[in-house]
Amino acid sequence: MESFLKQISRVNKKAVKFQFTVSYYELQVVATSKWQPNQLSIVWTRRKRRLMTEPRKWEPTLKNSFSSKITWTVPENKEVLITLFGDPKTHELEDKMWTFYLEDVSSTKKRRQLAKANLNMKSYASIVPLQQEVNLIMDVTSKKIA
């Protein structure tokens, strides 16, 4: 029933495919004094689609042993093809939310969600290819990080 309602809402709308590429450069995490992560991974997801970075080892900084700054010397790129629906008369696209999760990967390969941030892909869709820098401030979903 839900898929049928979506089909009805998209009547007279044009489907446009956009290719998005996310390049990861830097990640800053502050843990609590009681716990420190093993490895960190960033997951870009919507429903059943998941794009994950390779887990990076937690390395505390010299100034603060509860803080870590992970940098990718060669940016790790993740590409996805996203379909946005728009009104052909007004050229207005529908919202499409994707979520970025910060996950801790334990030594047993179990993943635990630590933080998340939502991103509306409509804001970054353009007919002309362009590159934008986005700094995401994630909302903490676990008491284990600050």
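None of the values given here were measured: they were computed from a predicted structure. Below, all heavy atoms of this structure are taken into account, side chains as well, without hydrogens, waters or symmetry copies.
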[X] side chain to [Y] main-chain N or O, any donor-acceptor pair under 3.5 Å?
{"X": "Glu76", "Y": "Glu54", "value": "yes"}
{"X": "Ser41", "Y": "Thr53", "value": "yes"}
{"X": "Asp104", "Y": "Asn38", "value": "yes"}

Item to check | Listed partners of Asn120 passing side-chain contact (heavy atoms from CB on, under 4.5 Å), at least two apart | outcome: Asp95, Met97, Lys122, Ser123
If I compare all heavy atoms of [X] with all of [Y], which pair ends up nearest, and what's the gap?
{"X": "Phe85", "Y": "Ala15", "answer": "CE2-CB, 3.5 Å"}
{"X": "Thr73", "Y": "Pro75", "answer": "O-CD, 3.8 Å"}
{"X": "Leu84", "Y": "Glu94", "answer": "CD2-O, 4.2 Å"}
{"X": "Thr45", "Y": "Arg49", "answer": "OG1-O, 2.8 Å"}
{"X": "Lys13", "Y": "Pro88", "answer": "CA-CD, 4.2 Å"}
{"X": "Glu133", "Y": "Asn135", "answer": "OE2-OD1, 4.1 Å"}

Checklist entry - Other than Tyr101, which residues form its hydrophobic cluster under the rule that side-chain heavy atoms must be closer than 4.5 Å? => result Val43, Met52
With hydrophobic residues grouped by side-chain heavy-atom distances under 4.5 Å, do [X] and [Y] end up in a single group?
{"X": "Ile82", "Y": "Leu136", "answer": "yes"}
{"X": "Val134", "Y": "Leu93", "answer": "yes"}
{"X": "Tyr25", "Y": "Leu119", "answer": "no"}
{"X": "Val16", "Y": "Leu81", "answer": "no"}
{"X": "Val29", "Y": "Val140", "answer": "yes"}

Taking side chain as C-beta onward, heavy atoms only, is [X] less than 4.5 Å from [Y]?
{"X": "Phe18", "Y": "Met121", "answer": "no"}
{"X": "Leu51", "Y": "Val22", "answer": "no"}
{"X": "Lys143", "Y": "Trp35", "answer": "no"}
{"X": "Leu114", "Y": "Leu40", "answer": "yes"}

Distance, nearest 0.5 Å, that separates [atom1] of [X] from [atom2] of [Y]:
{"X": "Ser68", "Y": "Gln36", "atom1": "OG", "atom2": "CD", "result": "9.0 Å"}
{"X": "Lys69", "Y": "Asn64", "atom1": "NZ", "atom2": "CG", "result": "13.5 Å"}
{"X": "Trp72", "Y": "Glu26", "atom1": "CH2", "atom2": "CD", "result": "9.0 Å"}
{"X": "Leu130", "Y": "Tyr124", "atom1": "CG", "atom2": "OH", "result": "11.0 Å"}
{"X": "Thr71", "Y": "Gln28", "atom1": "OG1", "atom2": "CD", "result": "10.0 Å"}
{"X": "Leu102", "Y": "Thr141", "atom1": "CG", "atom2": "OG1", "result": "8.0 Å"}

Checklist entry - Counting heavy atoms not belonging to Gln113, are there more than 12 under 6.0 Å from its CD? => result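 Counting neighbours around CD of Gln113, more than 12 heavy atoms of other residues, nucleotides or ligands fall under 6.0 Å, so yes.
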Next on the checklist: Among Arg111, Arg112, Lys116, exactly one meets salt bridge (Lys or Arg N to Asp or Glu O under 4.0 Å) together with Glu103. Which residue is that?
Outcome noted: Arg111
Checklist entry - What salt bridge (Lys or Arg N to Asp or Glu O under 4.0 Å) pairs are there with at least one residue in residues 55-65, not counting sequence neighbours? => result none
Checklist entry - What is the ring orientation for Trp98 with Trp44, classed by angle as parallel under 30°, tilted 30 to 60°, or perpendicular over 60°? => result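 The rings of Trp98 and Trp44 sit tilted, inter-plane angle from 30° to 60°.
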